[in-house]
Protein chains: 2
Amino acid sequence: MSLAEPLSSIDIKILAQLQKDASLSTTELADRVGLSQSPCWRRLQRLREDGIIKAEVALLDRHRLGPSVLIFAYLKMSPTPDDKRAEFLRKINATPEILECHALFGEKDIMLKVLAPSMEWYEGFIFNTLLKLPGVTDIQSSVTLTELKSTTALPLRGVMAL
Amino acid sequence: MSLAEPLSSIDIKILAQLQKDASLSTTELADRVGLSQSPCWRRLQRLREDGIIKAEVALLDRHRLGPSVLIFAYLKMSPTPDDKRAEFLRKINATPEILECHALFGEKDIMLKVLAPSMEWYEGFIFNTLLKLPGVTDIQSSVTLTELKSTTALPLRGVMAL
DNA sequence: TATGAAAAGATAATCCC
DNA sequence: GGGATTATCTTTTCATA
């Protein structure tokens with residue numbers, strides 16, 4: 001998959017900083033990782049080109065965007081032909097309220113992370129959207145109370161040679 | 001909580017763009033939302049100050065950082081005094097492999113999203129970390145197969161007055 | 001091969017209208 | 001909200017170790 005170079009400890013420092021704040025200037029970033037501007041900029045460039053940095057995005061505060069309920073939905077699926085499966089994925093990706101979709105080992109087949117505007121909306125979502133997805137035979141929902149921790153920063157402890 | 005102004009439809013366009021790509025220049029951003037540079041920059045500034053934009057971060061490709069297993073862990077908790085609860089949260093936040101922690105309605109009390117370097121690591125994590133967290137009485141783990149969708153972009157459809 | 005210094009270019013930030 | 005100016009940062013080039 002990757003013919004890329006192994007990550008140096010400086011690359012890892014750069015990634016650690018940018019996972020926290022991608023709006024840092026290369027000067028400031030260089031300072032923090034103990035490098036001068038241009039080598040720091042070149043490393044950053046390489047990390048973007050190699051796809052190790054997938055994207056730089058703004059994270060929004062959902063509580064400032066109005067009321068919402070975070071819900072995890074667990075789906076059971078019947079064995080499905082490939083084209084139906086593709087349609088399932090297409091609809092998942094076309095639904096902005098579905099933030100994540102994971103295929104699971106075990107009893108349940110799929111887990112969805114859903115950000116619903118309200119419980120009423122979610123009720124409609126179950127019947128009008130989820131149950132109409134191809135292959136879905138059963139839905140179980142788990143409503144969340146509080147988000148005690150939420151980070152997009154991946155652990156970089158043991159990361160070394162790729 | 002917020003004495004802030006309601007979000008205009010232009011603000012929402014700005015947020016939609018930045019959720020996808022926060023490395024846009026204000027010029028490019030202004031173009032896309034149909035505004036000129038300076039008013040666009042002022043709105044962006046306000047969205048940051050108001051905390052609607054919580055952060056701008058780099059998203060990394062976990063598969064390029066070496067092998068990893070994404071696991072959801074469900075905890076049952078005994079009723080716990082406040083100081084123990086604070087210690088629980090402190091340890092959750094101090095563990096970089098725990099990406100998310102949600103308090104749940106229903107049978108399970110807590111859900112953790114854990115990015116483990118390996119199954120072996122996770123086994124140790126259960127016994128050395130999770131089971132030693134104050135109040136934890138039971139753990140159930142769900143291993144994920146494939147990440148079919150994963151976005152940090154919140155839905156902005158119905159967002160209007162705050 | 002990687003760094004640092006410095007120039008050129010682009011962008012962010014501030015002004016006034 | 002728009003236009004023009006200044007300050008700052010990014011990106012390229014070049015010299016060096």
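Just so it is clear: chains get the letters A, B, ... in the order the sequence lines come, proteins before strands, and each one is counted from 1. These numbers were taken from a predicted model, which means no experiment stands behind them.
When the P atom of C/dT11 is taken as reference, atom CG of B/Leu24 falls 11 Å away, rounded to whole Å. Spacing between atom CG of A/Leu35 and atom P of C/dT1 amounts to 18 Å, rounded to whole angstrom units. At whole-Å resolution of the value, CZ in B/Arg46 and C1' in D/dG1 are 13 Å apart. Between the C1' atom of D/dG1 and the NZ atom of B/Lys13 lies a distance of 15 Å, rounded to the nearest Å. Between B/Asp31 atom CG and C/dA12 atom P there is a gap of 12 Å when expressed in whole angstrom units. Rounded to whole angstrom, the span from the CD atom of A/Glu56 across to the C1' atom of C/dT11 amounts to 15 Å. Rounded to an integer number of Å, the gap from A/Gln45 CD to D/dT10 P is 11 Å.
Using a 4.0 Å cut-off, no side-chain N or O of B/Trp41 falls inside it from OP1 or OP2 of C/dA12. Phosphate contact (OP1/OP2 of D/dG2, side-chain N/O of B/Ser38, threshold under 4.0 Å): absent. For the OP1/OP2 pair of C/dT3 and a distance below 4.0 Å, the side-chain nitrogens and oxygens of A/Arg43 include at least one atom meeting the criterion.
Looking at which nucleotide of DNA chain D each of B/Gly34 and A/Thr26 is closest to, the 5′-most match is held by B/Gly34.
Picking from D/dG1, C/dA12, D/dT10 the nucleotide with the shortest atom distance to the side chain of B/Pro39 gives D/dG1. Side-chain proximity of A/Gln37 to the nucleotides D/dT10, C/dT14, D/dG3 is greatest for D/dT10. For A/Arg48, counting side-chain heavy atoms from C-beta on, the closest listed nucleotide (D/dT11, D/dT10, D/dG3) is D/dT11. Nearest to the side-chain atoms of A/Arg42 among the listed nucleotides C/dT3, C/dT11, D/dT12 stands C/dT3.
Salt bridge status for B/Arg43 with B/Asp11: present, with a side-chain N to carboxylate O gap under 4.0 Å.
The closest side-chain donor-acceptor pair between B/Thr27 and B/Gln37 falls under 3.5 angstrom. Side chains of A/Ser23 and B/Arg48: no donor on one and acceptor on the other come within 3.5 Å.
In this structure, A/Thr146 contributes its side chain and B/Ala103 its backbone to no donor-acceptor pair below 3.5 Å.
Nearest heavy atoms, A/Lys149 versus B/Ile92: NZ-O, 3.1 Å.
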